[in-house]
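To find a chain, count down the sequence lines: A is the first, B the second, and so on, and within it residues start at 1.
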2 protein chains.
Amino acid sequence: MPATKGLASSVRMRDVAEHAGVSRMTVSRALNKPDSVKPELRQRVFDAVEELGYVHNHLARSLSSSRSNVIGLVLPSLENSIFAQTVKGISDVLRPTGYHLMLAESPDDPEEEEQVISAFVAQRVGGLILHGTEHSPAAVRMLRASHTPVVENGDLPKDPIDMVVSYSNRAASKAMTLHLARLGYSKIVFAGLASNPRAEERQKGFLEALQEVGQNPDMQKIVRVSRGFVGGEEAISHIAAHLPDTDALFCAGDVLAVGALFDCKRRGWAVPDRLAIASFDDVDLVRHVSPTITSLRLPRYEIGRRSAELLLQRINSKKSSVKKVDLGFEIVQRAST
Amino acid sequence: MPATKGLASSVRMRDVAEHAGVSRMTVSRALNKPDSVKPELRQRVFDAVEELGYVHNHLARSLSSSRSNVIGLVLPSLENSIFAQTVKGISDVLRPTGYHLMLAESPDDPEEEEQVISAFVAQRVGGLILHGTEHSPAAVRMLRASHTPVVENGDLPKDPIDMVVSYSNRAASKAMTLHLARLGYSKIVFAGLASNPRAEERQKGFLEALQEVGQNPDMQKIVRVSRGFVGGEEAISHIAAHLPDTDALFCAGDVLAVGALFDCKRRGWAVPDRLAIASFDDVDLVRHVSPTITSLRLPRYEIGRRSAELLLQRINSKKSSVKKVDLGFEIVQRAST
DNA sequence: AGTCATTAAGTTACCGGTATCAAAAATCGG
DNA sequence: CCGATTTTTGATACCGGTAACTTAATGACT
């Protein structure tokens with residue numbers, strides 16, 4: 001049972017009001033719409049606030065006004081710093097508006113995500129940004145029923161809850177695979193994490209590309225690996241053991257690709273001559289290893305910006321303007337392919 | 001002006017009460033202390049909740065009960081995934097208790113931090129975990145006045161706001177420097193970020209260690225570098241240009257160390273023969289590069305756990321039990337030294 | 001069966017703000 | 001200088017819950 005007894009109590013608005021010799025309402029106005037209060041009183045209120053160390057109670061404010069100044073963000077994990085840019089994009093938009101961003105972590109599991117979403121809805125946040133695009137029916141029902149503006153981020157889902165700002169995992173994956181094919185690689189293997197809806201889309205894109213270049217979309221060419229650098233090592237081990245004639249490895253994640261590269265070095269495999277390596281997500285690291293790794297640059301920062309902008313727009317005017325924004329991606333060709 | 005008109009409205013507790021044919025109070029009890037309501041009514045309430053899609057309003061709950069079920073966490077940045085473990089530690093403790101973690105990002109700047117803290121206090125969070133240990137006087141005053149339980153994390157400050165769970169940056173830095181000296185390195189250079197209170201402590205520890213081994217604590221041996229891999233390159237460039245007889249580089253950050261290692265490779269400098277490299281913060285990456293990098297393992301996960309535990313303990317009983325926990329550190333000797 | 005203790009449900013007031021409307025003060029035109 | 005209009009301030013109710021207390025129901029025991 002959560003409980004904070006005698007919460008941050010102390011100074012209330014009525015204390016400020018008494019201290020300044022005005023009514024509570026005047027204090028409220030001085031704080032929220034300063035222009036509607038005469039300069040003299042306004043100053044008296046500010047002085048009293050300062051003197052008493054009053055901090056506005058957003059709880060009460062939100063409750064009575066049915067407004068919130070909090071935007072919630074649900075991310076699958078903080079281990080991966082790829083979300084840092086998205087967070088920055090959101091923050092940059094929110095900061096000048098007086099809204100605050102609150103972040104919660106939730107693994108890629110609809111049940112767990114539902115808990116987190118429920119907590120945010122319980123806080124009556126003004127809007128929600130979800131990285132995941134797969135949600136429990138209860139969560140969707142809850143969000144719809146509460147009319148909470150929502151932006152989904154991780155992919156372009158077929159059936160969005162509300163708004164979407166993203167790139168297409170499938171299209172990006174397909175494009176990279178075609179890029180590899182165009183470079184002349186013909187025995188491409190795809191390595192990805194299991195149990196991640198985004199990873200599955202990437203898989204599909206890979207298979208589609210194979211088909212498009214006239215190859216058999218063979219599931220044998222897909223390796224499921226663990227998270228982290230070891231995942232890359234697993235991919236290389238698998239290739240060495242079962243698919244020795246592979247000439248290119250496409251990793252559905254930057255850390256995987258770097259792990260694979262390190263393992264190639266240990267084995268003395270030349271990259272890209274023995275094996276080319278391409279990665280998903282153009283993080284700093286892939287530009288600093290040697291050889292530098294060909295990668296997909298995703299508009300992480302821009303996704304954050306647009307998500308926040310759409311949310312605010314939607315909050316401030318019921319107009320359900322844009323609903324779906326595809327920000328695309330970009331292939332960055334480097335030394336590893 | 002932040003504003004969410006017609007917030008997540010819809011179903012209120014009174015609607016549930018009517019639907020179930022009981023009083024609001026019974027609904028409240030059924031939800032919060034199920035045992036105090038007879039099974040039959042309880043079931044009726046649950047059914048009504050389900051049917052109507054009711055989501056508890058934490059705003060109202062917190063307001064009227066003066067309790068919050070939210071713990072706030074302020075981190076300087078999400079770019080660095082070192083905080084992921086701390087977040088996990090906190091979450092693991094909080095999850096079974098019904099508390100929720102809300103995270104906010106704030107650069108290492110007391111003024112900006114104050115804004116964030118103020119927002120959390122305005123939400124009347126039940127407790128706060130701060131990574132920074134340097135705060136604006138106004139922020140400290142606010143936190144003290146509001147009686148918000150606070151845990152500081154990033155270092156062991158001389159004058160804590162409330163509670164502290166951390167390791168000592170200075171002691172860790174000193175220990176690593178002494179370790180390098182013991183290994184026989186005598187021309188050690190320290191590379192760190194500027195404008196970061198933790199980095200400064202690490203610097204002090206470095207200088208103290210030099211003095212202890214009878215060397216002149218020379219500021220020349222300290223290089224200030226940029227964030228990211230490039231910082232490591234800057235350090236190496238500086239050494240090459242100005243301190244060519246350096247035999248060991250101690251980087252106050254793992255990314256710096258890896259950046260330095262990469263640059264050594266480009267230059268054909270053997271590590272550790274030409275230059276030894278040691279890092280602060282034992283992240284995954286330093287175990288996967290070659291050679292593996294000697295590092296300081298910090299109890300990031302444990303810091304999260306203990307912080308959350310202390311906070312809960314403090315929240316549940318005014319007893320101001322433990323105030324300061326030093327969780328120490330560990331030197332992991334690897335191939336780079 | 002009657003009295004008292006215990007448990008379950010309901011009533012009322014209030015948490016700390018804001019919306020709304022009414023009252024008071026200031027502004028203004030003739 | 002007065003009445004009408006506009007601006008500023010105040011009074012009151014209410015946002016959606018819970019605490020504290022009261023009343024009704026259940027049970028225990030002499």
Side-chain angles (χ1 to χ4, degrees), chain A residues 1-45 49 52 54-69 121-124 126 146, chain B residues 1-45 48-49 52 54-70 121-124 126 146:
Chain A
M1 248 255 78
T4 305
K5 287 167 192 165
L7 203 72
S9 57
S10 46
V11 191
R12 294 147 306 167
M13 198 179 262
R14 57 173 302 162
D15 301 321
V16 176
E18 279 170 20
H19 197 85
V22 297
S23 72
R24 270 186 308 166
M25 216 37 237
T26 301
V27 176
S28 175
R29 278 195 273 255
L31 262 36
N32 293 309
K33 253 205 298 177
D35 293 340
S36 69
V37 175
K38 283 224 178 141
E40 188 207 319
L41 283 193
R42 193 196 312 155
Q43 195 51 50
R44 251 165 51 203
V45 170
V49 165
L52 272 54
Y54 170 72
V55 179
H56 198 111
N57 187 332
H58 274 128
L59 249 46
R61 179 187 188 283
S62 298
L63 179 59
S64 97
S65 68
S66 300
R67 286 145 202 261
S68 164
N69 65 153
V121 174
Q123 306 284 342
R124 300 299 191 265
S146 66
Chain B
M1 246 254 80
T4 305
K5 287 165 193 164
L7 204 70
S9 58
S10 45
V11 191
R12 293 148 307 166
M13 198 178 263
R14 56 173 302 163
D15 301 322
V16 176
E18 279 170 21
H19 197 85
V22 297
S23 72
R24 266 188 309 166
M25 214 42 235
T26 301
V27 176
S28 175
R29 279 193 273 253
L31 261 35
N32 293 308
K33 252 203 301 177
D35 293 340
S36 68
V37 175
K38 280 220 180 143
E40 188 209 321
L41 282 193
R42 194 195 312 156
Q43 196 50 50
R44 248 161 59 201
V45 170
V49 165
L52 272 55
Y54 171 71
V55 179
H56 198 111
N57 187 333
H58 275 127
L59 250 44
R61 178 186 190 282
S62 299
L63 179 58
S64 93
S65 67
S66 299
R67 286 146 202 257
S68 165
N69 66 152
V70 175
V121 173
Q123 305 285 342
R124 301 299 191 265
S146 66

Proximity to the side chain of [X] - top-ranked nucleotide from [options]:
{"X": "B/Ser64", "options": "D/dG16, C/dT20, C/dG10", "answer": "D/dG16"}
{"X": "A/Arg67", "options": "D/dG16, C/dG17, C/dA19", "answer": "C/dA19"}
{"X": "A/Arg12", "options": "C/dG16, D/dG17, D/dA11", "answer": "C/dG16"}
{"X": "A/Lys38", "options": "D/dT8, C/dT11, C/dA8", "answer": "D/dT8"}
{"X": "A/Thr26", "options": "C/dG10, D/dT9, C/dG16", "answer": "D/dT9"}
{"X": "A/Leu41", "options": "D/dC15, D/dT18, D/dT9", "answer": "D/dT9"}
{"X": "B/Ser65", "options": "D/dA19, D/dG17, C/dG17", "answer": "D/dA19"}

* Nearest heavy atoms of B/Ser68 and B/Gly126, plus distance in Å -> OG-N, 3.4 Å
* Provide the closest heavy-atom pair for B/Leu52 versus B/Val11 in the form atom of the first, atom of the second, distance. => O-CG2, 3.3 Å
For [N] and [X] - does any side-chain N or O of the residue sit under 4.0 Å from the phosphate oxygens OP1/OP2?
{"X": "A/Asn32", "N": "C/dT18", "answer": "yes"}
{"X": "A/Ser23", "N": "D/dG10", "answer": "yes"}
{"X": "B/His58", "N": "D/dT18", "answer": "no"}

* Hey, is the main chain of A/Ala30 close enough, under 3.5 Å, to the side chain of A/Arg42 for a donor-acceptor pair? -> no
* Asked: Does B/Arg44 use its side chain to pair, donor to acceptor, with the backbone of B/Ala20 at less than 3.5 Å?
  -> yes
* To do: Side-chain contact test, heavy atoms from C-beta onward, threshold under 4.5 Å: evaluate it for A/Val55 versus B/Arg124 and give yes or no.
  => yes
* **Residue among B/Leu31, B/Asp15, B/Val45 satisfying side chain to side chain contact (heavy atoms under 4.5 Å, CB included) with B/Tyr54** => B/Leu31
* **side chain to side chain contact (heavy atoms under 4.5 Å, CB included), paired with A/Met13, selected from A/Arg61, A/Glu18, A/His56** => A/His56
Round to a whole Å and report the spacing from [atom1] of [X] to [atom2] of [N].
{"X": "B/Asp35", "N": "C/dT6", "atom1": "CG", "atom2": "P", "answer": "19 Å"}
{"X": "A/Asp15", "N": "C/dG17", "atom1": "CG", "atom2": "C1'", "answer": "13 Å"}
{"X": "B/Arg44", "N": "C/dA8", "atom1": "CZ", "atom2": "C1'", "answer": "13 Å"}
{"X": "A/Leu31", "N": "C/dT18", "atom1": "CG", "atom2": "P", "answer": "8 Å"}
{"X": "B/Glu40", "N": "D/dA25", "atom1": "CD", "atom2": "P", "answer": "15 Å"}
{"X": "B/Lys33", "N": "D/dG17", "atom1": "NZ", "atom2": "P", "answer": "19 Å"}
{"X": "A/Arg42", "N": "D/dT9", "atom1": "CZ", "atom2": "P", "answer": "9 Å"}
{"X": "A/Asn57", "N": "D/dG17", "atom1": "CG", "atom2": "P", "answer": "17 Å"}

Distance criterion of 3.5 Å, no angle test: do you see the side chain of [X] paired donor-to-acceptor with the base of [N]?
{"X": "A/Arg24", "N": "C/dG17", "answer": "yes"}
{"X": "A/Arg29", "N": "D/dG10", "answer": "yes"}
{"X": "A/Arg124", "N": "D/dG16", "answer": "no"}

* Structure fact -> Between A/Tyr54 and B/Met25, whichever has its closest DNA chain C nucleotide further toward 5' is B/Met25
* Any chance you could measure A/Ser62, atom OG, to B/Gln123, atom CD, to the nearest 0.5 Å? => 6.5 Å
* Specify the angle, to 10°, made by the local axes at the two ends of the helix from C/dA1-D/dT30 to C/dG30-D/dC1 when five pairs are taken at each end. => 30°
